[in-house]
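Within every chain, numbering begins at 1; the chains are lettered A, B, ... in the order of the sequence lines, protein sequences first and strands thereafter. Note that this is a predicted model, so its numbers are computed, not measured.
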Protein chains: 2
Amino acid sequence: MLKLKLMTLSEEDYIKAIYHLGKGERTSVSTNAIAEQMETKPSSVTDMIKKLSEKGLVNYKKYKGVSMTEFGTKTALTLVRKHRLWEVFLVEKLDFSWDEVHDVAEQLEHVKSEKLVDRLDKHLGYPQVDPHGDPIPSKEGEFKKAVKKLLNEVPIGAEGICVGVKDSTPPFLKFLDKNNIALGDAIQVLDKEEFDGSLHLKIKGKDIHISEQIAANLYLKITE
Amino acid sequence: MLKLKLMTLSEEDYIKAIYHLGKGERTSVSTNAIAEQMETKPSSVTDMIKKLSEKGLVNYKKYKGVSMTEFGTKTALTLVRKHRLWEVFLVEKLDFSWDEVHDVAEQLEHVKSEKLVDRLDKHLGYPQVDPHGDPIPSKEGEFKKAVKKLLNEVPIGAEGICVGVKDSTPPFLKFLDKNNIALGDAIQVLDKEEFDGSLHLKIKGKDIHISEQIAANLYLKITE
DNA sequence: ATTAAATTTTAGACAAAGCTAAAAATTTGT
DNA sequence: ACAAATTTTTAGCTTTGTCTAAAATTTAAT
């Protein structure tokens, strides 16, 4: 397998951004979208895209957007893997809360040592999902595409595991904390109000009533 | 307490290098020595020194070498603290061996999060020394100066704890591993050969015979 | 003490990654 | 279809950290 040791921090950040913007599916991503994601200017993005293209990480044609190559995707997946493993570490071992881990993991993921990642994975017991319920790619870049649905799109009576959030901003995460909703929780949809789309749920034996807006930001993994 | 959040990786590396070259004692360090340590050119060092001087981390007078300020020393100690805590983590939690941790810790120490360091410290049980027996500064930058002596300078009959190595290159560290000598071991000096200065030791109940060269690279913490 | 050697600094360049402003290409609206 | 709006790229400049080559200073040697 090809391996590109010589990636700068910035290149790694771009690769991850392009991967996520393309939803991991090698779809074309616009310069502007990347610029927004990276909080930089489109002209800077163009420059970087050229470099990544020369290194074989992305496909690029002027004015036509950019898409990941097979190799670029593999590279992005190792970064995603590292990021999510570190998030698990921070939550499980260092008692960070769910909504604090991202920035630190963002830094830790850039540490270059294959052995470190492998050992960390082992230390954590080979976790399948990160604290946000997102799947952790294997060393080979494979991961089960979780069957995730938004809670408001799930039929009444459905049961599943809370595996993720759509909105991962601190305000929303804090709401969940306050209402004792956490990843890994078993959730059952008891009823839905016609009037406002709000839901009655059972979580950890307790009944809860949430608005449709909340439901629309919670992913449920259907254990079918 | 002053805190300088805006340090680049490179600045941090220089500060640590200058601190170590000055043995933590704010002695004057030469441009050439720094250049050698940092594997760069003296002219680059001069440039960086000016920047560090402007930031109040070092004292600098043209042609007269450079020394740490109080503030620079504090800064260096937080880096040393991070480095050594990560080394403990790698050895204790991820089963890295003693001689593999340095490069990875070198990267991990640059991660910026006070909370991360505090939690890591707690997670590790507030260790006092790293896997090489070097003391870990407290959050406030304090640390017990271990009473360390080279094994060959210790009188016959002395007892103590193996707390460090002078030569920390892989070959030497591997020798120690092979001969079952590790940090934290209780060592007793049984006898010394007049002829070649070699030593008879008792380590973990076993008798061992080592050359003077080996003894001259092992630090013993005298538990007086 | 004065010259030779070594060290240190300056001056000028370069690569990486970013920016602004302007030009070029594409897309959109009527 | 074609002008207007938007998007993308280019050109040229900035900063950080590095380099080489040359100049300045200090140290060493006779």
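- Side-chain contact check for B:Asp95 and A:His123: no donor-acceptor pair (N or O, by modelled atom type) lies under 3.5 Å.
- Side-chain polar atoms of A:Asn32 and A:Ser30 form no donor-acceptor pair below 3.5 angstrom.
- The side chain of A:Tyr63 approaches D:dT9 more closely than any other nucleotide in the set D:dT16, C:dC19, D:dT9.
- Ring geometry for B:Trp86 against B:Phe89 counts as perpendicular: the plane angle is over 60°, on a 0 to 90° scale with 30° as the lower cut.
- For the pair B:Met48 CE and D:dT15 C1', the interatomic distance rounds to 12 Å; values are reported in whole Å.
- Looking at the side chain of A:Thr40, the nearest of the listed nucleotides C:dG18, D:dT25, D:dT8 is C:dG18.
- When each of B:Leu52, B:Thr46, B:Val45 is tested with B:Met48 by the rule side chain to side chain contact (heavy atoms under 4.5 Å, CB included), just one qualifies, namely B:Leu52.
- When rounded to the nearest whole Å, the span between NZ of A:Lys50 and C1' of C:dG18 equals 14 Å.
- One can place CD of B:Glu36 at 13 Å from C1' of C:dT7, the figure rounded to the nearest angstrom.
- Regarding A:Asn32, its CG atom lies at a distance of 12 Å from the C1' atom of D:dT9, rounded to whole Å.
- In this structure, the CD1 atom of B:Ile49 is 6 Å from the P atom of C:dT9, given to the nearest Å.
- Taking atom CG of A:Asp47 as the reference point, atom P of D:dT10 lies 9 Å away to the nearest angstrom.
- With hydrogens and angles ignored, no donor-acceptor pair under 3.5 angstrom links the side chain of B:Ser43 to the base of C:dT8.
- Rounded to whole Å, the distance from NZ on A:Lys62 to C1' on C:dA23 is 12 Å.
- As a whole-Å value, the separation of A:Lys41 NZ from D:dC13 C1' is 16 Å.
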